[in-house]
Structure formats: C-alpha cells, structure tokens
Amino acid sequence: MRPFDGKRVLLGVTGSIAAYKAADLASKLTQTGARVNVLLSPAAARFVTPLTFRSVTHQPVLADLFDPASEDAIEHVALANAADLFIVAPATANALFKFAHGQADDPVSLTALACPAPLLIAPAMDADMWEHPAVQANAAILRERGAEFAGPERGRLASGLYGQGRLADTAQIIGLAGRVLGRGGDLAGKTIVVSAGGAQEPIDSVRVVTNRSSGKMGYALAEAARDRGAQVVLVSAPTALPYPAGVAVRAVETSAQVREAVLSACAGADALVMAAAVADYRPAEPSAQKIKKSGEALHVRMEPTADILSEAPRDIVRVGFAAESQDLLANAQAKLRAKELHLIVANDISREGSGFGADDNQVTLLAPEGAPEELPLMSKREVAWRILDRVAPLLRSGE
Ligand code: CTP
C-alpha cells in the first residue's frame, strides 16, 4: 500500500444512496496508511452520519461549515491545501455541476474549489441522469481540466432499473487513487508488460489442461508498477481475480495467445515481467467436439509450446520467474542464463504458505551479477515492490 503511506486524502461524500458505500471506502483507504478526512454534503449527511466516518477514519469530519461549536469543526482551507488527493465518492449530478462551474455552497464543493490536489470523481446516479447531456457536459469539463473518473459502472441501480450509474467498487476507486498518487513515481514514463495467470490449453471443446497459478503475483506486480507511475499492460491468462483498475488488460487463454499478446505489447515497452504460468506442452490435436467416453484409456499427444521469454526483444528489461519444487537456486540460475534475463524470481513452490495460490510468497532474486537476494516470507504485494526495486535502476541505466 506504499503509494498511500502518510498521504493526506480528502474524501468528499455527496447525497446519493450510494453514500453508504463510502463508509467502506473510507475504512479501506484508512487501512492503506493514508490519513483520510471526510467531507459531507448536507444531503449525504442524511444518508450516513459524520459519526460513521469519524469512527472508521479516526479523523475529524467536516459536515457543517457554520457550526463552530461542533467538535468536528475544522479548517477546510488548511485541509484543502495539505491534501495529496481529493476523491469524491459518490458524486451526484449536482456535485458534478458545482465542481464544473465553481459553485461552493457546501463542505464538499467549497473544499474542492480550494484544493489544488488531483481530483478523482466516482459518480453515482440514475442512468438517465448520467446520460443527460447536461451531466455529460459537466463531466467533460472536469475531464478536460484533468479530473480522473472512476465509473460509473453498469448494473442494477437503486431504482431497480439497470443501466450505467452504479458507484465504482471500492477496489477500483482505490486502484485509480493509487495510480493518481503514483504519478511521478520512479517508473513514470515507462511502459511495463506483466503477464499473469495460468494458461489453458484445450483438449476438446469443453476440457483444458492448465496449472494451479492463481495470478495473484502477476496482478500484484501490475498494481505495484501502476502505483509507481508506469503505464502497465497486463496480459492475463484466466484467474479468479478482478482486473486491477488503471492498467490495460489483455485477456487471453492459451499459451499461444499469451505469446502473441506479450510480444505485441513488448513493442515500444521498457520491461517485461513474465509471471504467467505458461504451458510447456499443449494437446497437439485438440478435438473440436467433446470427446465421448469410450471406456478405453485416452491418449492425448502433447506438443511443446514456444518459450516466450526467450523470444522477447533483447532491448527491454526482462524478468522471469522460476517455480521450482527442487534444486531452487541451481535451476533458477540455469533459467536466468538460458533465457538471458536481467532478473529471475526463484520461488520454492513446495513451501507451505508461499507460491501458487497463496497470498504470501518467499522468493530469492537472482541477477547475472551479484549474490542472490533471499527475501523473507512477505505478501505478494510487498514482493512485487521488491522486484520493482530491482527493475527501476535497470530502466534508468538503460536510458
Ligand atoms: N515461460 C515462458 N514461456 C514458456 C514457459 C515459461 O516465457 N513457454 C516463462 C515463465 O513465465 C517464467 C519463466 O519462463 O517467467 C520460467 O518458467 P518455468 O515454468 O519455471 O520454467 P520452464 O522454462 O518452463 O522450465 P521447467 O518447466 O522445465 O522448469
């Protein structure tokens, strides 16, 4: 959660029924290490109380500009000036109008006007309202001025109707907030291709050969690169994970599709991190129809797939993974040399609580020069940051 550490985030909540979801957002933002001050419009305060937000953020909440006796009375201009990021979630049609035209008559719109920090807006309203030309024009003015938008998403609305108007989910808002805070990070201006997930090779029209990769390590790498300012292309083989916000996702299934997507994304990129578990073999003649049970043994002839890392362009930084169940360092060294990599992340998949499917990982980083760097067991998010700590200087020296 490093992009948020010690950062001051203002969360403006305006009067949509989705205001109740802002309590979860305020809580999760606080858990990232940010200091979160919530500002409530009068209409929002009718849906959720200041006490809710104060309880989850442990910070004063600004809900009434004219009540100096309030315990929560705080200086909105000082707050605005100290902020690193201003998030408005949910933002009503009325709030978009006020931000676009500089109207300042409630704690959220008033503070927004005084705040020089980047603005991230998560609208929530009825689909017809969102699509109305007046609202679209206000959103366009704000985009033009540099505001980022999270959503709104399509789905079921509070009215019971379906359409575009749902508040973006908490993870998406936090992901985009990480990207905004990470602008100007040590990977700013760089394009990083990350592959993730486990490739699936069809046997027939319903069955596949695959592996146990969860995609968590690759997704954590994509998010970490985004939060350090990089443009990220995530080539994702199937996983059960939601796509990270703020990265360009190329969804693929087979190893051949991973190869095609990775190699085309590498053109013009600065680095490739291959966290995907690519199949080494695939059924040579997948059946177009479902194979019927015959009672006899079934032989599926497998043919080798292409090694993607070995084919990756030699003028970009290349990072591989070595998932090993034995002779970890020797095998990883051999892959580092054979695939001509700048760095390999050696991963002992026989260890409990680490590697495939786990939230944590214990890895050793090996480069062509220098001693192996054995990292302790840590979250995949933390491992991702440590890997990028090694990638960043390689990108700088390649300038
Ligand atoms: N890899 C690749 N293309 C393949 C297979 C693997 O680019 N066809 C990449 C993986 O994404 C990983 C690295 O190569 O970054 C090592 O993958 P791994 O499966 O550990 O090694 P292999 O080369 O497949 O060797 P082995 O399966 O024999 O251990």
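Start at 1 and go down the list; that is how both ligands and their atoms are numbered.
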>> Are there over 12 heavy-atom neighbours, none belonging to Phe149, within less than 6.0 Å of that residue's CZ?
In response: yes
> Of Asp105, Asn138, Thr14, which is the lone residue that meets side-chain hydrogen bond (donor to acceptor under 3.5 Å, both in side chains) with Lys98?
Replying inline: Asp105
Could you list each nitrogen or oxygen of ligand 1 that sits under 3.5 Å from a protein nitrogen or oxygen, with the atom names and the distance?
{"residue": "ligand 1", "atom": "3 (N)", "partner": "Ile308", "partner atom": "N", "Å": "3.0"}
{"residue": "ligand 1", "atom": "7 (O)", "partner": "Ile308", "partner atom": "N", "Å": "3.4"}
{"residue": "ligand 1", "atom": "7 (O)", "partner": "Leu309", "partner atom": "N", "Å": "2.9"}
{"residue": "ligand 1", "atom": "8 (N)", "partner": "Ala306", "partner atom": "O", "Å": "2.9"}
{"residue": "ligand 1", "atom": "11 (O)", "partner": "Met274", "partner atom": "O", "Å": "3.4"}
{"residue": "ligand 1", "atom": "11 (O)", "partner": "Ala276", "partner atom": "O", "Å": "2.8"}
{"residue": "ligand 1", "atom": "14 (O)", "partner": "Lys339", "partner atom": "NZ", "Å": "2.8"}
{"residue": "ligand 1", "atom": "15 (O)", "partner": "Met274", "partner atom": "O", "Å": "2.8"}
{"residue": "ligand 1", "atom": "15 (O)", "partner": "Phe321", "partner atom": "N", "Å": "2.8"}
{"residue": "ligand 1", "atom": "15 (O)", "partner": "Phe321", "partner atom": "O", "Å": "3.4"}
{"residue": "ligand 1", "atom": "20 (O)", "partner": "Ala323", "partner atom": "N", "Å": "3.4"}
{"residue": "ligand 1", "atom": "20 (O)", "partner": "Lys335", "partner atom": "NZ", "Å": "2.7"}
{"residue": "ligand 1", "atom": "21 (O)", "partner": "Lys335", "partner atom": "NZ", "Å": "3.0"}
{"residue": "ligand 1", "atom": "23 (O)", "partner": "Lys339", "partner atom": "NZ", "Å": "2.6"}
{"residue": "ligand 1", "atom": "24 (O)", "partner": "Asp280", "partner atom": "OD1", "Å": "2.9"}
{"residue": "ligand 1", "atom": "24 (O)", "partner": "Asp280", "partner atom": "OD2", "Å": "3.0"}
{"residue": "ligand 1", "atom": "27 (O)", "partner": "Asp280", "partner atom": "OD2", "Å": "2.8"}
{"residue": "ligand 1", "atom": "29 (O)", "partner": "Lys335", "partner atom": "NZ", "Å": "2.8"}

>> Going by salt bridge (Lys or Arg N to Asp or Glu O under 4.0 Å), name the residues that satisfy it together with Asp280, two or more places apart in sequence or in a different chain.
In response: none
>> Is the ring pair Phe99/Phe86 parallel, tilted or perpendicular, if the boundaries are 30 and 60 degrees?
In response: perpendicular
> Out of curiosity, Ser379 OG to Asp360 CG, how far, rounded to the nearest 0.5 Å?
Replying inline: 6.5 Å
>> Could you tell me if the side chain of Val13 sits less than 4.5 Å from the side chain of Ser41, heavy atoms only?
In response: no
